[in-house]
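Heads up: the structure comes next, in structure tokens.
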Amino acid sequence: MSKRKIVAGNWKMNLTVEEGVALVSGLINKGLQQKVSNTEVILAPPALHLLTLHNLVQNSAIKLAAQNCSDRVSGAFTGEISVNMLAGAHIEYVIIGHSERRIYFHESNISLKDKVDLALEYGVTPIFCCGEPKEIRIDEKQDRYVFRQIEESLFHLSEEQISKVIIAYEPVWAIGTGLTATPEQAEAMHAYIRKELANRYTTDTANAIPILYGGSVNAANAKSLFNQPNVDGGLVGGASLKVDEFYQIIQAAQ
Ligand code: PGA
């Protein structure tokens, strides 16, 4: 399958705006002035960076994502950012349901469903994260666990809606730990997710949905992960904060 690959960088709560500008300028100078053939590059900086970086990435290969959005459109929700604000600022993607949001901010499959609905309504592409914690993997119950996450947050969508979603499988035990899933573990879960998507929708739709792997992706392991038939790219945390390493990961997707 020589499908389009996606490499997304999740900066989490790192870098000042000035440092973010330096990182993006570094990536553009390294070779992201123009589209990278067959690979889409997305960066998810902190929300405060988005407008400044949006100007900087014009006419480059880089697209922008927010790391989160509210499950409401507007109102008295101090500190929140809504998806219609993102759409108004021409931000094309939003990460929804990252495990850090689920764990530290108690986001549930049901509230994430509302976020996915709003993102689609406002034309912002959701990058929907799923993935099991360590104890679930030890019990070998990861398939069921991930199934529930996608069933409860995504399976109410129509065929047309689901085909606009990007899924990121990020096993919690692999995030920021240096413990990457093996290419075989990643492939097995991605194939499983695709099989369930095909059961709920059609095989064509399931095959077209990008499924990214996330969890300690780095320049050394990216190629073996991205070479798996059901791995359509990566969601990269720590290694996206370094120009050279992130650029090598983008190269590994080609
Ligand atoms: P990591 O983070 O690459 O630092 O493990 C991945 C993520 O949380 O998206």
Side-chain angles (χ1 to χ4, degrees), residues 5-15 19-20 23-24 27 39-47 49-50 62-69 91-107 112 115-116 119 125-134 136-137 142 145-146 149-150 153 165-183 185-187 189-190 193 210-226 228 231-253:
K5 295 267 196 247
I6 299 173
V7 177
N10 175 11
W11 293 0
K12 311 193 181 186
M13 196 176 72
N14 291 297
L15 309 181
E19 289 164 342
L23 177 47
V24 170
L27 286 168
T39 305
E40 207 161 315
V41 180
I42 303 171
L43 293 179
H49 299 216
L50 284 169
I62 300 170
K63 306 240 173 92
L64 295 176
Q67 296 176 10
N68 179 39
C69 63
I91 303 305
E92 293 175 74
Y93 301 86
V94 58
I95 298 175
I96 292 180
H98 189 280
S99 65
E100 286 147 19
R101 301 289 321 170
R102 293 173 185 264
I103 295 165
Y104 304 132
F105 302 95
H106 313 291
E107 296 193 356
L112 296 175
K115 294 188 182 195
V116 170
T125 301
I127 302 175
F128 178 80
C129 301
C130 56
E132 78 288 354
K134 189 172 176 189
I136 298 287
R137 170 67 61 165
Q142 64 272 13
Y145 188 93
V146 169
Q149 292 180 318
I150 56 175
S153 301
V165 174
I166 296 171
I167 294 178
Y169 168 59
E170 299 205 303
V172 179
W173 47 272
I175 296 178
T177 58
L179 276 180
T180 319
T182 63
Q185 285 172 322
E187 172 59 20
M189 179 57 83
H190 286 223
I193 293 170
I211 307 178
L212 315 184
Y213 168 79
S216 299
V217 174
N218 58 39
N221 61 28
K223 196 154 194 87
S224 60
L225 288 159
F226 298 168
Q228 299 302 311
V231 177
D232 302 311
L235 181 54
V236 185
S240 72
L241 296 170
K242 298 170 221 150
V243 173
D244 288 347
E245 179 147 30
F246 191 58
Y247 191 71
Q248 283 175 46
I249 295 171
I250 295 163
Q251 301 292 101

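When a ligand or atom number is given, it counts from 1 through the structure's own listing order. Remember, it's a predicted structure, so these values are computed and weren't measured experimentally.
- At the shortest separation from atom 3 (O) of ligand 1 among protein heavy atoms lies Gly237 N, 2.8 Å.
- Rounding to the nearest 0.5 Å places CD1 of Ile166 at 10.5 Å from SG of Cys129.
- For a threshold of 3.5 Å applied to N or O pairs, the pair formed by Ile175 and ligand 1 contains no separation below that value.
- For the pair Phe105/Asn68, no side-chain contact is recorded, criterion being any heavy-atom separation below 4.5 Å from C-beta on.
- Counting the atoms of ligand 1 from 1 in the order shown, those under 4.0 Å from a heavy atom of Asn10 are 9 (O).
- Within ligand 1, the atoms closer than 4.0 Å to a non-hydrogen atom of Gly176 are 1 (P), 4 (O), 5 (O), numbered from 1 in the order shown.
- Using cut-offs of 30° and 60° on the angle between ring planes, the pair Tyr213 and His190 is tilted.
- Within the 4.0 Å heavy-atom cutoff, Ala239 does not count among the residues contacting ligand 1.
- For Gly238, a nitrogen or oxygen atom sits less than 3.5 Å from a nitrogen or oxygen atom of ligand 1, counting backbone and side chain alike.
- Only one option out of Arg102, Arg101, His98 pairs with Glu107 in a side chain to side chain donor-acceptor pair (under 3.5 Å); it is Arg101.
- The heavy atom nearest to atom 1 (P) of ligand 1, out of those in Ser216, Gly9, Ala8, is found in Ser216.
- Numbered from 1 in the order shown, with element, the atoms of ligand 1 that lie under 4.0 Å from a heavy atom of Gly215 read 5 (O).
- Here is the list of ligand 1 atoms found below 4.0 Å of a heavy atom in Ala174: 5 (O).
- Between His98 and ligand 1, a contact under 3.5 Å exists for at least one N or O pair.
- Judged by the shortest distance from any of its heavy atoms, Gly214 lies outside the 4.0 Å radius around the atoms of ligand 1.
- What sits closest to atom 9 (O) of ligand 1 on the protein, heavy atoms only, is Glu170 OE2, 2.7 Å.
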